[in-house]
Undergrad: 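The structure's right below; bear with me while I get my questions together.
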Number of protein chains: 2
Amino acid sequence: MIQEATTLLKENGLKITQNRLDVLCVFLGSEKAFTLLDLEKIFSLKHDRSSLFRSLQTYYEKGILEKFCNATGTAIYTLNRHKPDCNGKSHFKCKDCETVVSLPNLPTEYLQLLGNNKMETMNLLIEGTCENCQNKNPETL
Amino acid sequence: MIQEATTLLKENGLKITQNRLDVLCVFLGSEKAFTLLDLEKIFSLKHDRSSLFRSLQTYYEKGILEKFCNATGTAIYTLNRHKPDCNGKSHFKCKDCETVVSLPNLPTEYLQLLGNNKMETMNLLIEGTCENCQNKNPETL
DNA sequence: TTGCTTAATGCAATTTGGTTGCAAATATAC
DNA sequence: GTATATTTGCAACCAAATTGCATTAAGCAA
């Protein structure tokens, strides 16, 4: 995984630093989404918040991470898996296990409802309970 | 408009206060969306931020305003126009004139892509340029 | 390998947006 | 008009994001 991270950094012309490797490995090793606060907790002593923040920012700018915000307005980051037909702007996030999956782009029939209003950016977040977590918690059925 | 505001307040069992009337009239008199900061600027001397905040909160709870958040996570409020098939969670916002329109619910075919993942909440914001503003600014064509 | 140059980091401080406790002011019911 | 409960303004606080700057470290070239 370190290998994968190193390659990604090189491909993007970024210096290989411990901070960047650590942060990237968190994402490479999980399907979850993380906030800056999550990373602060993981690396409380090892890395400063501002450095973690700057790494996330850099990764987002390079298209390595996707970024969106939850209902309370906190920024959430997740690995960009470059799924075809996914623009990285539509996600489903499980409130229980925090797993995030990218959703396909909105159907053109829906976007036609915009009429002559021109779309430039969009952001869709659907939150709920994923299949796994529903099965784990029978009381929620 | 004051009349309309007064009626709305009474219908919702809310006391008629200057703060509430002022805030509600901002929304009744416009198709735009406003943040707390916007209202602070409008009423800088007349009303305190906390009172504006509480009015917005109350209106949202009563279903008079819709609330969602923009790309940077700031809460945005707009009048709930009770359009059929609109759940108040999908919006188009013009980056230029700030006009907001509610969009219909996502099509069921799209939601079926969630599979057995169960949706509980959602938030869709599409930003761009509305028809009017495109015509006003020919250089963007 | 060493030194050089530029970029990244840690720390402290700041900004922004949201939120609360409490005393004073005010709307409504009587 | 008066009593009562609600709302308001103020100040303070909180959470998340962001920045300036001195220090440190990465990577290139000699």
Side-chain angles (χ1 to χ4, degrees), chain A residues 2 5-26 33-62 64-65 67-78 98 123 125, chain B residues 2 5-26 33-62 64-78 123 125:
Chain A
I2 280 261
T6 306
T7 307
L8 253 173
L9 287 173
K10 280 185 187 158
E11 282 173 3
N12 284 276
L14 297 171
K15 286 192 182 170
I16 318 263
T17 68
Q18 200 56 54
N19 183 309
R20 286 184 179 156
L21 286 175
D22 286 346
V23 170
L24 196 44
C25 283
V26 166
F34 298 90
T35 64
L36 176 56
L37 185 62
D38 291 333
L39 295 183
E40 276 184 76
K41 285 176 184 157
I42 296 173
F43 297 117
S44 54
L45 298 167
K46 195 170 184 193
H47 300 295
D48 185 73
R49 177 184 5 164
S50 62
S51 305
L52 297 170
F53 169 76
R54 285 187 266 231
S55 287
L56 290 172
Q57 194 172 238
T58 301
Y59 288 147
Y60 173 62
E61 283 162 6
K62 294 289 186 184
I64 296 169
L65 295 183
K67 174 184 180 180
F68 49 98
C69 67
N70 67 12
T72 67
T74 305
I76 301 182
Y77 299 84
T78 190
E98 313 236 316
N123 211 311
L125 179 60
Chain B
I2 281 261
T6 307
T7 307
L8 252 173
L9 287 174
K10 281 186 187 157
E11 281 173 4
N12 284 276
L14 296 170
K15 286 192 180 169
I16 319 264
T17 68
Q18 199 56 51
N19 183 308
R20 285 183 179 156
L21 286 175
D22 286 346
V23 170
L24 195 43
C25 283
V26 165
F34 298 90
T35 64
L36 176 57
L37 185 63
D38 291 332
L39 295 183
E40 276 184 74
K41 285 175 184 158
I42 296 174
F43 297 117
S44 54
L45 298 168
K46 195 169 182 191
H47 300 294
D48 185 74
R49 176 181 12 164
S50 63
S51 306
L52 297 170
F53 169 76
R54 284 186 269 231
S55 288
L56 290 172
Q57 193 172 240
T58 302
Y59 288 145
Y60 175 61
E61 283 161 8
K62 293 290 184 182
I64 295 170
L65 295 183
E66 294 175 354
K67 176 184 180 179
F68 50 98
C69 68
N70 67 11
T72 67
T74 305
I76 301 181
Y77 299 83
T78 191
N123 200 316
L125 179 60

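In the text below, chain A, chain B and the rest are named by the order of the sequence lines, each starting its count at 1. These values consider heavy atoms only, across backbone and side chains, with no hydrogens, waters or symmetry-generated copies. What you see is a predicted model; the values in this text were computed from it and never measured.
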Undergrad: A/Leu9 CG to D/dA25 C1': how many Å, rounded?
TA: 15 Å

Undergrad: Answer with base, sugar-phosphate or nothing: what part of the nucleic acid does B/Ser50 contact at a heavy-atom distance below 4.0 Å?
TA: base

Undergrad: Measure CG/B/Leu52 against P/D/dG9 and give the value in whole Å, please.
TA: 8 Å

Undergrad: I'd like to know if the side chain of A/Ser55 reaches the main chain of A/Ser51, judged simply by a donor and an acceptor atom lying under 3.5 Å from each other, with no hydrogens or angles considered.
TA: yes

Undergrad: With respect to the phosphate group of D/dG9, does any side-chain polar atom (N or O) of B/Ser51 fall under 4.0 Å of OP1 or OP2?
TA: yes

Undergrad: When the distance from OH of A/Tyr77 to C1' of D/dA16 is rounded to whole Å, what number comes out?
TA: 10 Å

Undergrad: Does B/Asn19 put a side-chain nitrogen or oxygen below 4.0 Å from OP1 or OP2 of D/dG9?
TA: yes

Undergrad: Separation of A/Phe53 atom CZ from D/dA17 atom P, in whole Å?
TA: 8 Å

Undergrad: Side chains of B/Asn70 and B/Thr72: is there a donor and an acceptor less than 3.5 Å apart?
TA: yes

Undergrad: May I ask you to test the A/Asp48-A/Phe53 pair for a side-chain heavy-atom distance under 4.5 Å?
TA: no

Undergrad: Could A/Lys67 and A/Tyr60 be counted as a cation-pi pair, given that NZ or CZ must be under 6.0 Å from the ring centre and within 45° of the axis?
TA: yes

Undergrad: Give a yes or no on whether the backbone of A/Lys15 and the side-chain of A/Arg20 come within a donor-acceptor separation of less than 3.5 Å.
TA: yes

Undergrad: Would you say B/Thr58's side chain and B/Arg54's backbone share a donor-acceptor pair under 3.5 angstrom?
TA: yes

Undergrad: Between B/Thr17 and B/Thr74, which residue's closest nucleotide on DNA chain C lies nearer the 5′ terminus?
TA: B/Thr74

Undergrad: Does A/Arg54 get its side chain close enough to the base of C/dG10, under 3.5 Å, for a donor-acceptor pair?
TA: yes

Undergrad: Taking the side chain as C-beta and beyond, is there a heavy-atom pair between A/Glu40 and A/His47 under 4.5 Å?
TA: no

Undergrad: Figure out the CG/C1' separation between A/Leu14 and C/dA8, and round it to whole Å.
TA: 11 Å

Undergrad: Would you mind reading off the distance between B/Gln18 atom CD and C/dA25 atom C1', rounded to a whole angstrom?
TA: 14 Å

Undergrad: Within residues 33-49 of chain B, find the residues that approach DNA chain C with a heavy atom at under 4.0 Å, and present them sorted by residue number.
TA: B/Leu36, B/Leu37, B/Arg49

Undergrad: Supply the atom-to-atom distance B/Thr6 OG1 to B/Ile16 CD1, rounded to the nearest 0.5 angstrom.
TA: 5.0 Å

Undergrad: Any donor-acceptor pair under 3.5 Å linking the side chain of B/Asn12 with the backbone of B/Leu14?
TA: no

Undergrad: How bent is the helix from C/dT1-D/dA30 to C/dC30-D/dG1, comparing axes over its five end pairs at each side, to the nearest 10°?
TA: 30°

